[in-house]
**Student:** 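The following block contains the structure, expressed as structure tokens.
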There are 2 protein chains.
Amino acid sequence: MTGPDIPPTPRLPAPLPEPGAARTNLPLAPIDEPPQLRADAARNRTLLLDAASRLLTGCGAADLTMESVAAAAGVGKGTVFRRFGDRAGLLLALLDHREKQLQAAFLSGPPPLGPDAPAAERLHAFGPAVLRHERDHHALILASRTDPLRNYAVPALRLRLNHLAMLLRQTKVPGDPELLAHTLLASVDTALVHHLTTERGMDPEHLEEAWHHLVNRLGATV
Amino acid sequence: MTGPDIPPTPRLPAPLPEPGAARTNLPLAPIDEPPQLRADAARNRTLLLDAASRLLTGCGAADLTMESVAAAAGVGKGTVFRRFGDRAGLLLALLDHREKQLQAAFLSGPPPLGPDAPAAERLHAFGPAVLRHERDHHALILASRTDPLRNYAVPALRLRLNHLAMLLRQTKVPGDPELLAHTLLASVDTALVHHLTTERGMDPEHLEEAWHHLVNRLGATV
DNA sequence: ACTTTAAACGGACCACGGTCCGCTTGACCC
DNA sequence: GGGTCAAGCGGACCGTGGTCCGTTTAAAGT
């Protein structure tokens, strides 16, 4: 309900979208408006994020308490909640920084992931990239997911979704692109991958193959 | 970690599987061993489940507290936790009763869902059946999901998965049946469906179409 | 510099999930 | 019936996420 990293208190009216801009009904995630914090607030924000990732190296994500983060950053507990809304919000903020690298790779990086490769290739490359990224950060990702609905409001994940849907459109895959994008993303979901590799002993490589198989089956052309 | 509806305390060694039984590495879910509670425990169990579903009609699942359930059933709070392990366990137990109907439908019900229909038809019928079931109980289901890994340990969901994988094998769908079953199930996941229908205004009927499209694309034959 | 105001702060406070442990009781055997 | 003992019970207790509200302070205007 309360946005991540956004004050839970009433906001000024959100800046209206450009009237001339081509409005798809899919909200475009890249435009990120850092709501320009007050100087002390900004300072405390980075203080908190630093403290959190420092603590994180010393213990599992599950043991990270809001109070300990506040104490380690030398601020009050209320400040943490004011800044990040809730525990998941803090975890998501930590993740966000790392996610930026992945975003750069598929938005503006080199082929086959970036824009200079044909769409079908980008589609094939996307799954493995996500798989690697999620494997690296699975602990944090899993810890950040308490509300199953929350995902759909996380900007980074919406961006992935829109990007995938775009590639599906470009490759003329038949069927609803948004729905298929959800399905494809679900096939490399962190929780699923973690389950399959740790509980069922599945080879990560096998998962990449499965992604390619799925993309081919869905019928990417062009 | 602690099994749902199973004492968290150390157990006697689990009954060994029949030595001759054909062992697939997929644990078969249908065999359910109700660990035969003591008389008072069984009585309290139903008392608690009754109390919970009674309270549930008077408020949202989010407002159901363990203490209130215990009080409404006239037992101590510790008893609730002993029986169901944790909050999710209680919610899952409530769900389980309703899930039994769905299970009966696809395990032994009439065609096209039941065993008297050809596998491809059962495959097509499965998605809509799950969609309906999850729509009816979405509030409880969403409330029961706090740990994203928990799903893979829920017997009812493992049963769905194995059933789907079996149908995929019977219809000679190319690719890893277990993986494809996960993907198919994800495409009708409660959280996703709830998001699409409430936030994005998607027609439930459209989701059924998408299921059929997906199954066809995957290439079910026979 | 002085005023004003909304944002930010902090820590006391609350509710709920989950644990612990001493006591009780049902089930099984003799 | 009597004895044994693990299963069950209950509620005090604890830690943590999240809220509240009186106080402080950055920033923009005059």
Side-chain angles (χ1 to χ4, degrees), chain A residues 1-2 4-13 34-48 51-52 55 59-92 143-147 150, chain B residues 1-2 4-13 34-48 51-52 55 59-92 143-147 150:
Chain A
M1 186 59 66
T2 93
D5 202 0
I6 290 311
T9 34
R11 300 282 299 290
L12 352 172
Q36 131 188 40
L37 303 168
R38 228 168 66 173
D40 52 349
R43 180 178 47 85
N44 281 341
R45 195 190 125 95
T46 66
L47 239 40
L48 283 165
L55 288 179
C59 70
D63 299 338
L64 193 78
T65 78
M66 297 299 266
E67 218 154 8
S68 70
V69 173
V75 306
K77 188 176 165 183
T79 303
V80 192
F81 282 93
R82 157 167 292 268
R83 190 58 44 217
F84 300 103
D86 59 7
R87 206 180 107 96
L90 172 62
L91 266 19
L92 253 4
S144 76
R145 306 214 172 159
T146 43
D147 177 5
R150 178 73 162 266
Chain B
M1 186 63 64
T2 94
D5 203 0
I6 288 310
T9 34
R11 301 281 299 289
L12 354 170
Q36 130 188 37
L37 304 168
R38 231 168 64 173
D40 52 350
R43 181 178 46 84
N44 282 340
R45 195 190 126 95
T46 66
L47 239 39
L48 282 165
L55 288 180
C59 69
D63 299 336
L64 194 78
T65 78
M66 298 299 267
E67 218 153 9
S68 70
V69 173
V75 305
K77 187 177 164 184
T79 303
V80 192
F81 283 93
R82 157 165 293 267
R83 191 55 46 218
F84 300 104
D86 59 8
R87 207 182 106 97
L90 172 62
L91 265 20
L92 252 4
S144 76
R145 306 213 172 161
T146 43
D147 177 6
R150 178 73 163 265

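Just the heavy atoms: all of them, side chains too, but no hydrogens, waters or symmetry mates, feed the values below. The chains referred to below are lettered A, B, ... by the order of the sequence lines, with proteins before strands, and numbering in each begins at 1.
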**Student:** Between B:Asn44 and D:dG8, is there a contact of a side-chain N or O with OP1 or OP2 at under 4.0 Å?
**Tutor:** no
**Student:** Check the distance between D:dG17's C1' and A:Leu91's CG and give it to me in whole angstrom.
**Tutor:** 13 Å
**Student:** Can you list the residues that meet the salt bridge (Lys or Arg N to Asp or Glu O under 4.0 Å) rule with A:Arg145, with sequence neighbours excluded?
**Tutor:** A:Asp189
**Student:** Going by side-chain contact (heavy atoms from CB on, under 4.5 Å), name the residues that satisfy it together with B:Ala71, two or more places apart in sequence or in a different chain.
**Tutor:** none
**Student:** State which residues pass side chain to side chain donor-acceptor pair (under 3.5 Å) with B:Thr65; sequence neighbours excluded, sorted by chain then number.
**Tutor:** B:Ser68
**Student:** Side-chain N or O of A:Thr79 less than 4.0 angstrom from OP1 or OP2 on C:dG10?
**Tutor:** yes
**Student:** Quickly work out the A:Phe81 CZ to C:dA15 C1' distance and round it to whole Å.
**Tutor:** 13 Å
**Student:** Under 4.0 Å from any atom of DNA chain D, heavy atoms only: list the residues of residues 65-76 of chain B that qualify, in numerical order.
**Tutor:** B:Val75, B:Gly76
**Student:** Should B:Arg87 and B:Leu64 count as side-chain neighbours, where that means a heavy-atom distance under 4.5 Å?
**Tutor:** yes
**Student:** Only counting residues at least two apart or in another chain, list the ones meeting side chain to side chain donor-acceptor pair (under 3.5 Å) with B:Arg38.
**Tutor:** B:Asp40
**Student:** Can you tell me how far apart CZ (A:Arg45) and OG1 (A:Thr79) are? Round to the nearest 0.5 Å.
**Tutor:** 14.0 Å
**Student:** Taking for each residue the nucleotide of DNA chain C bearing the nearest heavy atom, is the 5' side occupied by A:Ala42 or by B:Arg87?
**Tutor:** A:Ala42
**Student:** Tell me the interatomic distance from A:Phe84, atom CZ, to C:dC9, atom P, rounded to whole angstroms.
**Tutor:** 11 Å
**Student:** Quick one: CG on A:Asn44 to CZ on A:Arg82, what's the gap to the nearest 0.5 Å?
**Tutor:** 11.5 Å
**Student:** Take atom NZ of B:Lys77 and atom P of C:dT19, then tell me their distance rounded to the nearest Å.
**Tutor:** 11 Å
**Student:** D:dG8 P sits how many Å from B:Leu48 CG, rounded?
**Tutor:** 13 Å
**Student:** Return the value, rounded to whole Å, for the distance between atom CZ of A:Arg45 and atom C1' of C:dC9.
**Tutor:** 17 Å
**Student:** In this structure, how many angstroms lie between the P atom of D:dG18 and the CG atom of A:Asp86, rounded?
**Tutor:** 5 Å
**Student:** Take A:Arg150 and A:Asp86 through the side chain to side chain contact (heavy atoms under 4.5 Å, CB included) test and state the conclusion after the steps.
**Tutor:** CA-CA 12 Å; A:Arg150 178 73 162 266; A:Asp86 59 7; 3.3 Å; yes
**Student:** Within the 4.0 Å limit for protein heavy atoms, which parts of nucleotides 20-30 of chain C are touched? Write it as a string from 5' to 3', B for base, S for sugar-phosphate only, - for none.
**Tutor:** -----BSS---
**Student:** For B:Leu90, which contact category applies under a 4.0 Å heavy-atom criterion: base, sugar-phosphate, or nothing?
**Tutor:** nothing
**Student:** Going by side-chain contact (heavy atoms from CB on, under 4.5 Å), name the residues that satisfy it together with B:Ala42, two or more places apart in sequence or in a different chain.
**Tutor:** B:Leu37
